[in-house]
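For reference, the structure discussed in these notes is given below.
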Amino acid sequence: IYMFAIALAQLAAEHLRDMRSLGQSFESTESQQDFEFFFGGLANSVFSLYMSITGGVDWKDMAVPLFDVGPFAVFLFLMYSSLMILCVLNVLLGIFCQNALDTAATDKENIIQHQLKEKHLFVERLKEL
């Protein structure tokens, strides 16, 4: 997250600097407010990227302000989203599923041992009769 946040915050800062050097006014539109909230600094970028992969904000809402920065910023954000959602989170899901399967297998072995013990006790009772 941190590496992508650094890159996006740097691109955002350069975009803001270029806008000011060209004399363009930084209007307080909703898009500009979103841009400052999501990418106004390194902490904002880290927080926003975390929100985008955990369901705190839709990825489209974060990508739209980046269109003003340029196609590379949008591409970088989409690469981040794809990498995190499709790869890293699937690995974590796989670990959880494997642990659940291991637990279920252990539980099955315990049930079989319990049934064998009950069968042995039943056979012992029959021998006593």
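Computed from a prediction, not measured in an experiment: that's the story for all the values here. Scope of the values below: all heavy atoms of this structure, side chains included, with no hydrogens, waters or symmetry mates.
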key: Side-chain heavy atoms of H120 within contact of K117, under 4.5 Å   = no
task = First locate atom CE of M51, then atom CG of D61, and finally report the distance between them rounded to the nearest 0.5 Å.
result = 9.5 Å
message = Between S21 and D18 (side chain of the first, backbone of the second, donor and acceptor by atom type, cut-off under 3.5 Å), is there such a pair?
response = yes
ask   = Transitively linked via ILVMFWY side-chain contacts under 4.5 Å: L92 with L49?
value = yes
inquiry  = If I take atom CG from residue L116 and atom CD1 from residue I112, how far apart are they, to the nearest 0.5 angstrom?
reply    = 7.5 Å
task = Rounded to the nearest 0.5 Å, what's the gap from OG on S52 to CD1 on I1? Could you check?
result = 8.0 Å
request  = Indicate yes or no for a side-chain donor-acceptor contact from N44 to the backbone of F39 under 3.5 Å, with no hydrogens or angles considered.
outcome  = no
ask   = Quick one: are the ring centres of H15 and F35 less than 6.0 Å apart?
value = yes
ask   = Do V69 and I6 share a hydrophobic cluster, counting only Ile, Leu, Val, Met, Phe, Trp and Tyr and linking them when any side-chain heavy atoms are less than 4.5 Å apart?
value = yes
request  = Determine whether L78 and V64 fall in the same hydrophobic cluster, where Ile, Leu, Val, Met, Phe, Trp and Tyr are linked whenever their side-chain heavy atoms lie under 4.5 Å apart.
outcome  = no
ask   = Hey, any chance I85 and V57 share a hydrophobic cluster, counting ILVMFWY side chains that come within less than 4.5 Å of each other, even indirectly?
value = yes
inquiry  = Are L8 and Y2 connected into the same hydrophobic cluster when the rule is that any two of I, L, V, M, F, W, Y join if their side-chain heavy atoms are below 4.5 Å apart?
reply    = yes
remark   = Rounded to the nearest 0.5 angstrom, the CG-CG distance for L89 and L83 is 9.5 Å
